[in-house]
Undergrad: 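Have a look at this one before I ask anything.
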Amino acid sequence: MSAMTNGSEEDVRAEMGFLPLEIMLDQYRKSSCAPSIQTDLKTVFAWLGQDIGELTAQSEVLYRRGYLAYLSIGVAPSFQLQKSFDMAFAHPEARARAKHKPPEAVMDAFDRMFASDSEIASKRKHDWEVETAQMSQALNKVRVSHSGTGWLVNFVIGTTEKARLFRAVSVAWCVWVLLRTEIYFELVGFQFHQWDEEMLVANLLALPVLVYLSHYLFKVYAKMRK
C-alpha cells in the first residue's frame with residue numbers, strides 16, 4: 001500500500017481504509033479464509049478491475065477515492081463509528097467526494113469490513129426509524145388548514161381524472177427517485193449517477209410540494225385577476 005504523502009488528518013483517515021483490506025487479504029491467502037471474506041474481496045476487486053492481490057497504483061487511487069466517498073456520505077455501519085463518519089460528512093469537500101460513491105455491493109462490503117453483522121443490522125434499523133420519523137415530520141409541516149389542502153386530500157383519495165393522474169405521477173416519481181438513489185445506469189450514452197442518499201426525503205417530497213406551490217400560486221394569481 002502507498003505511504004502517506006503528508007501527515008494531514010484526511011491522509012490518515014484515507015490510509016486507515018486500507019488496513020481492513022490488508023487484513024482480509026492476509027486471511028484470503030490462508031486456506032481457512034471464511035467464504036464471506038472471499039465474497040467481499042471478489043466484490044471489491046471486481047470493482048477495482050483487477051485480480052485479488054496486491055493493489056496496483058491505479059487501484060489504490062480508485063480505492064482511496066471510493067473509501068473517502070463512503071465516509072463522506074456520513075452513514076456509519078455501527079454506532080461506534082458514527083462520530084468519525086460525521087466528521088467526514090462535515091468536511092467542506094464531502095459533497096464532491098460523495099459523487100465518487102462505489103456501487104452498493106462495494107458499500108456493503110465496506111460496511112462488513114468495519115462492523116459485525118449484528119452491529120450493521122442494529123444501526124440500519126435505527127437509521128430507518130430516524131428517517132421515517134423525519135419524513136413524517138416533514139409531511140406534517142406541509143399541512144396547513146383544511147381549506148387550503150382540501151384539494152390535495154381530494155387528489156389523494158378522490159376518484160376524479162385529476163386525482164388518478166396525480167396518484168399515477170406520484171407513484172412513478174417515487175419509483176424514479178428510489179431507482180436514481182440506489183442504482184447507477186447508462187442510457188443512450190448518458191451516465192446517470194446515483195443521487196445523494198441524504199437527499200432521499202427531500203427528493204421524494206419534491207413533486208408533492210411543487211404541485212402544492214403551483215396550485216397555491218395559481219389561486220393567488222386568479223384572485224389578483226378578479
Undergrad: Considering all heavy atoms of both residues, which atom of A98 and which atom of S72 are nearest to each other, and what is their separation?
TA: N-CB, 4.2 Å

Undergrad: Please tell me whether I120 and M107 are part of a single hydrophobic cluster in this structure, the criterion being side-chain heavy atoms less than 4.5 Å apart.
TA: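 I120 and M107: separate clusters.
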
Undergrad: Tell me whether R64 is salt-bridged to E60, with the criterion being a basic N under 4.0 Å from an acidic carboxylate O.
TA: no

Undergrad: Following the transitive rule for hydrophobic clusters with a side-chain heavy-atom cut-off under 4.5 Å over Ile, Leu, Val, Met, Phe, Trp and Tyr, establish whether F89 and L68 coincide in one cluster.
TA: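 No, no single cluster joins them.
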
Undergrad: With side-chain contact (heavy atoms from CB on, under 4.5 Å) as the test, would you mind laying out the steps for M113 and V44 before giving the verdict?
TA: CA-CA 11 Å; M113 286 183 186; V44 171; 3.9 Å; yes

Undergrad: Got a sec: does the CG of D26 have more than 12 other heavy atoms crowding it under 6.0 Å?
TA: yes

Undergrad: Please, which pairs that meet salt bridge (charged side-chain N to carboxylate O under 4.0 Å, His left out) have at least one residue in residues 65-87, sequence neighbours excluded?
TA: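 Non-adjacent pairs meeting salt bridge (charged side-chain N to carboxylate O under 4.0 Å, His left out): zero.
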
Undergrad: Closest heavy-atom contact between A76 and D127?
TA: O-OD2, 4.5 Å

Undergrad: Salt bridge (Lys or Arg N to Asp or Glu O under 4.0 Å) between K123 and D111: does it pass, once the steps are laid out?
TA: CA-CA 11 Å; K123 182 62 163 50; D111 282 348; over 6 Å; no

Undergrad: What pair of heavy atoms forms the shortest contact from F85 to P77, and how long is it?
TA: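 So the two residues come closest at CZ-CD, 3.7 Å.
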
Undergrad: Given 3.5 Å as the limit, does a donor-acceptor pair link the side chain of Q38 with the main chain of C33, or not?
TA: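 A pair under 3.5 Å: yes.
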
Undergrad: Please list, chain by chain and in numerical order, all residues satisfying side-chain contact (heavy atoms from CB on, under 4.5 Å) with F45, sequence neighbours excluded.
TA: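 F45: side-chain contact (heavy atoms from CB on, under 4.5 Å) contacts with L21, L25, L41, L48, Q50, I52, L55.
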
Undergrad: Between Q82 (side chain only) and G74 (backbone N and O only), is there a donor and an acceptor less than 3.5 Å apart?
TA: yes

Undergrad: Can you name the closest pair of heavy atoms from A94 and A88 and give their distance?
TA: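 So the minimum-distance heavy-atom pair works out to CB-O, 3.4 Å.
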
Undergrad: Which heavy atom in P20 sits nearest to a heavy atom in M16, and how many Å separate them?
TA: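 Looks like CD-O, 3.3 Å.
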
Undergrad: If we only count heavy atoms from C-beta on, is the K42 to T39 side-chain gap below 4.5 Å?
TA: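 No; the side chains remain at least 4.5 Å from each other.
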
Undergrad: Would you check if the distance from the ring center of Y70 to the ring center of Y63 is below 6.0 Å?
TA: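 No.
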
